[in-house]
Amino acid sequence: MMSALMNMTTALRDWVSALYDAPPTRAVVFGIPIDGHLVVEALLIVVILFQLTRKSYKPPKRPLTEKEIDELCEEWMPEPLCPPITEDMQTEPPTLESAARPHTTIGGKEVINFASANYLGLIANEKIIGSCIGSLEKYGVGSCGPRGFYGTIDVHLDCETKIAKFLGTPDSILYSYGISTIFSVIPAFCKKGDIIVADEGVQWGVQNGLYLSRSTVVYFKHNDMASLANTLEKLTRGNKRAEKIRRYIVVEAIYQNSGQMAPLDEIVRLKEKYRFRLILEESHSFGVLGNSGRGLAEYYGVPIEKIDIITAGMGNALATDGGFCTGSVRVVDHQRLSSSGYVFSASLPPYLANAAISAVDYLEENPSVLTTLRNNIALLWKGLSDVPGLEIASHPLSPIIFLKLKKSTSSPKGDLQLLEQIAKRALEEDSVFLVTTKRSSLDRCRLPVGIRLFVSAGHSESDLVKVSNSLKRVAVSVLS
Amino acid sequence: MVRLPYTTALTTLFSYGLLFAFGQLRDLFRKLLDWFRSKDLKGYAPICLGLEDFYVRRLYLRIQDCFGRPIASAPDAWIDVVERYSNDNNKTLHRTSNSTKCLNLGSYNYLGFAAADEYCTPRVIESLKKYSPSTCSVRVDGGTTQLHAELEELVARFVGKPAAVLFGMGYVTNSAIIPCLIGKGGLLISDSLNHNSIVNGARGSGATVRVFQHNSPSHLEEVLREQIAEGQPRTHRPWKKIIVIVEGIYSMEGELCKLPEIIAVCKKYKAYTYLDEAHSIGAIGKSGRGVCELLGVDPADVDIMMGTFTKSFGSCGGYIAASKEIIQYLKYTCPAHLYATSMSPPAVQQVISAIKVILGEDGSNRGAQKLARIRENSNFFRSELQKMGFEVLGDNDSPVMPIMLYNPAKIPAFSRECLRQNVAVVTVAFPATPLLLARARICISAAHTREDMIKGLEVISKVGDLVGIKYFPTEPPKLAKEAHKKPVAVILP
């Protein structure tokens, strides 16, 4: 056995050495002897190098020829610019024939007006109209320029100082249109990479501002503080880069889409705990809430310095147009150069700024108008609490009384049709002017639609009784 | 187009470099000095981080007194500019109660309706007494008055379209209409120098945005062909619709848009057109109907025409004019119509009266006079400035004329020196214009008389010599032979 193995290994060794020592194939090319295995190796190396220099296989790119582009352009058919007009797109709103006071004229008849946000009853106020006339004679109507280029009139500066003094903040800035205030302020402060926590029921102006700011937006459930606390907790947990990222909470004082009021004390507590800045939209609470009309902060007893940015449109309680934003000096100065609605747009017409100054004066001199407004709201609340088929969904102190259907149909469209019938019949049969909520197709708010009544300090008790009776009657006949 | 000479470009870049270096040095010192002082931010991130507001803090604040000058009178041909002083090197400015009367070459008062007008103001006051300053309501609720309905009809008639809709502010008109017309899956092609409101509206719509070279129909055609052939990015599905957005007069260049060629290109490729006539409505064209009338374009060829009332009509607000279906659709869904307070009734009345004056329906020919005057004024002013050797941009007949300054130091020099000689001008720099192309912008009005303009020209020429902005050789003054006025021989090269 051993010898057989030995023989095999020897034989193997002999065979290998024979192979190794065997003379290579010889070739003589042009008188130079070439070793055979060198030829093979050289050829292999050449082939490898050749393959490496080839590009990887890609189907060749053939750009479209002019003729093909022409054909594509011929074939392409655009959609029409607007979708086909349907039945409900054709309704026209009623036309007013006199000022939008608590009693106004529509179609030749006198109606009780619950559709104007004239909370303090300042429309057709003698003193305000007098100051506007003076302003029109001195300054004309328009200001003919943006604020940076001779569009700043001394009336604007006076108005800004007046509002700042009224609210107790260092400075304020005036915008020329109510809705553009909030959607210019938010992109001025929030940029890409920042975090914003917003209520899901905010109005379109705020939504547009949030979209334009390109920040990360997280919505929490409408007016639900537990949901807000959860969201804030989730966002800040484990996030170590808190020092560099700016964080904001955006809420409205009184929500236009539902009449709810934001609980400011709770929000301020959460904001201080998690280090967020607060942007408060006070269009419907400025001049309404608080003992002297200074808004939500006064109502809750929160010092105004704790709220970083307050914006409001002046088209509601102050019965004029435009908007303002107020806060610390840093906040206001920053907007003078980086807020697009301020820099790139003409300034507020001077007579409207004058109207704002007179309105704030009136509010300071007659704080009793707020008590009248509060009484009216309370009376109307009581009167509307037992309307069959409709329930009140707004806060008891909100000047917007929001009625929604107790039993809603399956779609918002169906709801809206019923509510519009109610509003139409109230106008035609009882001369009471109410409005339903109208939602744009661009609005992402999904809160239920309803009927809105804007209560004014100028409404008398008989007006309020009349509207409650009318609604009770019409709701019964439409909804049964 | 602007021709930037080499030496000017170099000196401008050098100036900016110097300002930048000094700014950084100051920032360094500020950081060192503040090292030991605690910031009371208490864990909040600062409003502006690092270099975000460098331009504002170190460059803009130095010349802050040239911008935002308050006035104490109506923005007419002569204004009272309020004097301001500063105790801390221009960081904060305080008003005084003194004011100086200056010639106003900066307000957008093209037809002179800015101040109290004999036809318009009594009617505005009447409507104020009847309807009060505001309706406190949105248009779809209780904010539509008879005045609004009247003005919509009048605007549609004036512009030459079947129907129109009003909004309370020009900026909001663009920002809120463009998202209604186009959404994701659509393409917006806008001119590279379009206004910020159009940019905002385009961004807010969610559509893809492409830019074509300023006022170049050939590049527009290239972009259109490429985009239609490619389709949507990544999926290559065909575009839902394409809208091309241009302006009538570009406010920083003073140029007219090449409308007939652009409309031809758009028609060929089935793209919709959107014309923003903020500066041109009421100011150009034989009867004030804007750039369509001036260039001979039929309004029916432009799908959507937008304009504002702030410039030529002395009021506030904007409008959109288009076919009846589009306007009906916009009234149903546009957020600015559904959520924003309706336009103030006295402002509506001002526009109604102004349009009536322009059309001659008030029984006088003041409208025609105003239109002829602004055309004459603009052409006279522009030609005189060019003769003096300034580099003036813009086309003939356009009431906006920018004068190139270039260097950052010339901006405050020009502005302050002119104010000292009682002429109020507007200077524009970065970021409203490209960095190297700072300019002074003159807006001529029909309220300027020949004497006003001659005074303005004298002052500008003197200051131009002092500051050194006469980049072109001057023409020798023509001796006599001017048909209507005495020769302006005071202006010497």
Side-chain angles (χ1 to χ4, degrees), chain A residues 64 69 72-73 76 78-79 81-82 85 89 93 95-97 99-100 115-118 123-124 132-133 136-137 139-142 144-145 147-150 152-154 157 176-180 204 208 212 244-246 275 315 319-321 337 340-341 344-346 349 355 435 438 440-442, chain B residues 43-45 56 67-68 70-72 74-75 106-109 114-116 124-125 128 131-137 140-142 144-146 149 168-169 171-172 179 196 204 225 228-229 238 240-241 269-270 272 310 314-316 325-326 328-329 332-333 335 338-341 344 347 350 426:
Chain A
L64 298 170
I69 298 186
L72 282 169
C73 294
W76 178 69
E79 278 179 11
L81 206 44
C82 68
I85 303 290
M89 287 190 197
T95 314
L96 265 62
E97 289 157 17
S116 297
N118 172 22
I123 291 189
C132 286
I133 294 182
L136 281 172
E137 285 170 349
Y139 298 111
V141 176
C144 296
R147 287 292 290 259
F149 302 150
Y150 304 107
T152 308
I153 308 198
D154 46 3
L157 300 172
S176 46
Y177 204 44
I179 204 176
S180 76
W204 177 82
N208 199 26
L212 287 173
K244 289 291 174 68
I245 306 180
R246 294 173 285 230
R275 301 266 185 276
T320 171
D321 209 349
L337 274 180
S340 29
F344 293 108
S345 161
V435 284
K438 303 196 175 52
S440 158
S441 51
L442 300 175
Chain B
Y44 292 91
V56 174
F67 302 102
I71 65 178
S107 291
Y108 302 139
N109 175 22
V124 171
I125 294 186
L128 175 70
Y131 289 104
S132 318
S134 166
T135 56
C136 288
S137 176
V140 276
D141 286 346
T144 310
T145 62
Q146 283 174 319
M169 182 182 171
Y171 189 93
V172 165
N196 186 277
R225 286 171 69 88
I228 298 182
K240 292 206 182 129
K241 47 184 130 163
Y269 292 96
K270 293 179 273 214
Y272 299 113
T310 335
S315 173
C316 65
E325 290 83 33
I326 299 182
Q328 195 80 30
Y329 175 67
Y332 175 70
T333 187
L338 297 179
Y339 300 127
T341 325
S344 168
Q350 162 79 12
V426 159

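First the proteins, then the strands, lettered A, B, ... as listed; each starts at 1. In this text, all values refer to a predicted model and were calculated from it rather than measured experimentally.
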- Item | Atom pair CH2/CG of W204(A) and L338(B) - distance to nearest 0.5 Å | 10.0 Å

- Contact leader toward chain A among G142(B), P75(B), P335(B), where contacts are heavy-atom pairs under 4.5 Å: P335(B)

- Looking at G106(B), G168(B), P179(B), S137(B), which makes the most heavy-atom pairs under 4.5 Å with chain A? G168(B)

- Q350(B), E325(B), K270(B): which one forms the most heavy-atom pairs within less than 4.5 Å of chain A? K270(B)

- Between Y269(B) and chain A, which part of the residue has a heavy atom less than 4.5 Å away: side chain, backbone, both or neither? both

- Item | Pick from P78(A), C132(A), G140(A), G178(A) with the largest number of heavy-atom pairs that fall under 4.5 Å of chain B | P78(A)

- Message: As an exercise, state the distance from CG of L64(A) to CG of L72(A), rounded to the nearest 0.5 Å.
- Response: 6.5 Å

- Note on the structure: Applying a strict 4.5 Å limit to non-hydrogen atoms, the region of I179(A) in contact with chain B is side chain

- Measure from the side-chain N and O atoms of Y332(B) to the backbone N and O of S440(A), and report whether any donor-acceptor pair falls under 3.5 Å. no

- Query: L157(A), N118(A), N208(A): which one forms the most heavy-atom pairs within less than 4.5 Å of chain B?
  - Reply: L157(A)

- Heavy-atom distances under 4.5 Å only: say whether I123(A) touches chain B with side chain, backbone, both or neither. both

- Task: Could you please spell out the steps behind the side-chain hydrogen bond (donor to acceptor under 3.5 Å, both in side chains) verdict for T144(B) and T95(A)?
- Result: CA-CA 5 Å; T144(B) 310; T95(A) 314; over 6 Å; no

- Mind ranking V56(B), N109(B), L128(B) by heavy-atom pairs under 4.5 Å with chain A and telling me who comes out on top? L128(B)

- Measure distances from I133(A) to the heavy atoms of chain B and classify the residue's part below 4.5 Å as side chain, backbone, both or neither. both

- Task: Any chance you could measure R225(B), atom CZ, to C73(A), atom SG, to the nearest 0.5 Å?
- Result: 5.5 Å

- Item | Between C136(B), A74(B), S315(B), G68(B), the one whose heavy-atom pairs under 4.5 Å with chain A are most numerous | C136(B)

- Note on the structure: Interface check, chain B: of A346(A), A100(A), S441(A), most non-hydrogen pairs under 4.5 Å belong to S441(A)

- Message: Closer than 3.5 angstrom, by distance alone: can the side chain of S132(B) be matched with the main-chain N or O of A99(A) as a donor-acceptor pair?
- Response: no

- Query: When only pairs under 4.5 Å are counted, which of A319(A), P349(A), S176(A) shares the most heavy-atom pairs with chain B?
  - Reply: A319(A)

- Query: Counting heavy-atom pairs under 4.5 Å to chain A, which of A115(B), A72(B), C316(B), A116(B) comes out on top?
  - Reply: A72(B)

- Query: Between T320(A) and chain B, which part of the residue has a heavy atom less than 4.5 Å away: side chain, backbone, both or neither?
  - Reply: backbone

- Query: Out of L136(A), L442(A), D321(A), which one racks up the most heavy-atom pairs below 4.5 Å with chain B?
  - Reply: L442(A)

- Check Y108(B) against G145(A) and note the closest heavy-atom contact, atom names and distance. CD1-CA, 4.0 Å

- Any donor-acceptor N/O pair, Q328(B) side chain to M89(A) backbone, under 3.5 Å: yes

- Task: Mark yes or no for whether K241(B), through its side chain, and Y272(B), through its backbone, hold a donor-acceptor pair below 3.5 Å.
- Result: no

- Query: Top residue by heavy-atom pair count (under 4.5 Å) with chain B, among G341(A), A355(A), S340(A)?
  - Reply: S340(A)

- Query: To the nearest 0.5 Å, what is the distance between OH (Y177(A)) and OG (S344(B))?
  - Reply: 10.0 Å

- Quick one: what part of I71(B) sits under 4.5 Å from any heavy atom of chain A, side chain, backbone, both or neither? both

- What is the ring orientation for F149(A) with F67(B), classed by angle as parallel under 30°, tilted 30 to 60°, or perpendicular over 60°? tilted

